[in-house]
There are 2 protein chains.
Amino acid sequence: MKTPEKMLELHNLKKTGHRLMILTILKESDRFLSADDLYMKMKEEDENISLSTVYRILETFVLKSIVSAVNVEFSKKVLYELAHEAHGHRLICTNCHKVVYVEDCPVHNFEDAISEEYDFDIKRHKLDFYGLCSECKAELSS
Amino acid sequence: MKTPEKMLELHNLKKTGHRLMILTILKESDRFLSADDLYMKMKEEDENISLSTVYRILETFVLKSIVSAVNVEFSKKVLYELAHEAHGHRLICTNCHKVVYVEDCPVHNFEDAISEEYDFDIKRHKLDFYGLCSECKAELSS
DNA sequence: ATGCAAATGCAAATGGTTCGCATTTGTGTT
DNA sequence: AACACAAATGCGAACCATTTGCATTTGCAT
């Protein structure tokens with residue numbers, strides 16, 4: 001995976017400490033983060049940033065497709081993750097909120113079939129799986 | 001499909017004009033509606049209701065699984081539809097927002113396979129298709 | 001017809017996100 | 001290395017969808 005620096009260069013974005021830090025945090029996170037999650041993590045590391053800057057940086061990243069904005073069932077906030085290069089789908093743990101990305105897709109054939117059947121020109125789909133990851137499964141059954 | 005009256009009876013909910021009207025509007029709609037959409041439609045029909053009541057009625061209906069709350073890519077509001085009895089997935093027109101519900105599911109096998117592979121206990125999934133319905137496809141290509 | 005829990009209206013509060021504007025900073029150019 | 005200027009940032013206020021508190025009304029079992 002690209003380094004945060006490379007990501008910014010690639011999109012002609014200025015390399016600011018804030019932007020690099022946000023990319024680094026997202027890169028190291030195994031779950032989605034809200035703007036406020038990022039803001040608080042940065043405060044913890046003594047990065048002086050304002051919440052509106054976090055929002056603006058994320059807006060820029062989403063526009064450039066460096067970051068994806070995600071809606072999940074368990075939160076009404078918009079959550080963010082580093083964008084994935086390959087098409088795939090997510091396994092989301094409803095207990096700890098960990099996310100695993102699976103680069104595989106079971107719906108393309110179905111998509112063709114229903115495009116035909118319903119005369120719909122399907123452009124994309126959104127498929128997420130919700131359940132318990134192995135740790136939470138073990139923990140909750142004990 | 002059940003009548004609005006039956007739906008309320010079935011769940012021991014008082015039959016108020018507001019509730020019946022909301023169910024009727026949702027029943028007749030071929031797309032998702034926001035609380036505010038419902039509020040405005042009711043005002044148009046001279047139903048005197050307050051927006052907070054619309055929210056409270058919807059909250060009750062969602063709790064009873066009479067109505068589903070839906071998040072879609074093109075709106076940050078929560079949208080509502082009558083709940084479907086059978087499992088299926090939606091084709092959502094990104095242009096006119098019409099929704100077609102397809103009572104078929106292409107992912108169960110895949111779900112079993114990845115449950116195994118990632119040791120995830122998958123409880124449910126969310127799959128929506130976005131594209132153009134036949135009318136919009138025709139209209140936009142002309 | 002009566003009583004009471006549930007439903008409603010209204011206004012205020014909330015929470016996430018966006019915006020306006022003054023100030024600072026990164027970076028290409030001299 | 002200093003300059004210039006567009007872009008990035010901080011701060012607070014604004015915004016919008018949704019929720020809540022509380023006083024009043026209403027459906028419905030008795």
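Each chain gets a letter, A, B and so on, in the order the sequences are listed, and its residues count up from 1. Predicted, not measured: the structure shown is a model, and the values here were computed from it.
In this structure, B/Lys43 places its NZ atom where more than 12 heavy-atom neighbours from other residues, nucleotides or ligands lie under 6.0 Å away.
The interatomic distance linking A/Glu59 (CD) with D/dA8 (P) rounds to 11 Å, in whole Å. Rounding to whole angstrom units, CG of residue B/Asn12 and C1' of C/dA5 are separated by 14 Å. Distance, A/Asn48 CG to D/dG10 P: 7 Å, rounded to whole Å. The CG-P distance, from A/Leu13 to C/dT27, rounds to 10 Å in whole Å. Rounded to an integer number of Å, the gap from B/Ile22 CD1 to C/dA7 P is 13 Å. Following rounding to the nearest Å, A/Tyr55 (OH) and D/dT9 (P) show an atom-to-atom distance of 16 Å. C/dT27 atom C1' lies 15 Å from atom CG of A/Leu20, rounded to whole Å. In this structure, A/Lys43 places its NZ atom 14 Å from P of D/dT9, rounding to the nearest Å.
The partner of D/dT30 is C/dA1, judged by Watson-Crick or G-U wobble contacts that both fall below 3.5 Å. A 3.5 Å limit on both hydrogen-bonding distances identifies C/dC19 as the Watson-Crick or G-U partner of D/dG12. The partner of D/dA7 is C/dT24, judged by Watson-Crick or G-U wobble contacts that both fall below 3.5 Å.
When distances run from any side-chain atom of B/Lys14 to the nucleotides C/dC19, D/dG27, C/dT17, the shortest one goes to D/dG27. Among C/dG9, C/dG26, D/dT9, the nucleotide with an atom closest to any side-chain atom of A/Ile57 is D/dT9. For B/Arg19, taking side-chain heavy atoms from C-beta onward, the closest of the listed nucleotides C/dT17, D/dC11, C/dT8 is C/dT8. With distances taken from any side-chain atom of A/Val78 to the nucleotides D/dC11, C/dT8, C/dT17, the minimum falls on C/dT17. Out of D/dA17, C/dC10, C/dT17, the shortest distance to the side chain of B/Ser52 is found at C/dC10.
With DNA chain D read from its 5' end, the first of the two nearest nucleotides for B/Lys15 and B/Asp36 is the one closest to B/Asp36. For the pair B/Lys76 and B/Ser50, both in contact range of DNA chain C, the more 5′-proximal nearest nucleotide belongs to B/Ser50. Across the interface with DNA chain C, nearest-nucleotide mapping of A/Arg56 and B/His18 shows B/His18 to be the residue nearer the 5′ end.
A/Ile49 comes within 4.0 angstrom of the backbone, heavy atoms only, and of no base.
Aromatic ring orientation, B/His97 versus B/Phe74: parallel (interplanar angle below 30°, classes split at 30° and 60°).
OP1 or OP2 of C/dA7 has not a single side-chain nitrogen or oxygen of B/Thr60 nearer than 4.0 Å. At the phosphate of D/dT26, neither OP1 nor OP2 sits under 4.0 Å from any side-chain N or O atom of B/Thr16.
Taking 4.0 Å as the cut-off between side-chain N and carboxylate O, B/Lys27 and B/Glu81 do not count as a salt-bridged pair. A salt bridge does not link B/Glu47 with B/Lys41: every distance from a Lys NZ or Arg NE/NH1/NH2 to an Asp or Glu carboxylate oxygen is 4.0 Å or more.
A donor-acceptor pair shorter than 3.5 Å cannot be found between the side chains of A/His87 and A/Glu103.
In this structure a side-chain-to-backbone donor-acceptor pair under 3.5 Å is present from A/Tyr101 to A/Gly88.
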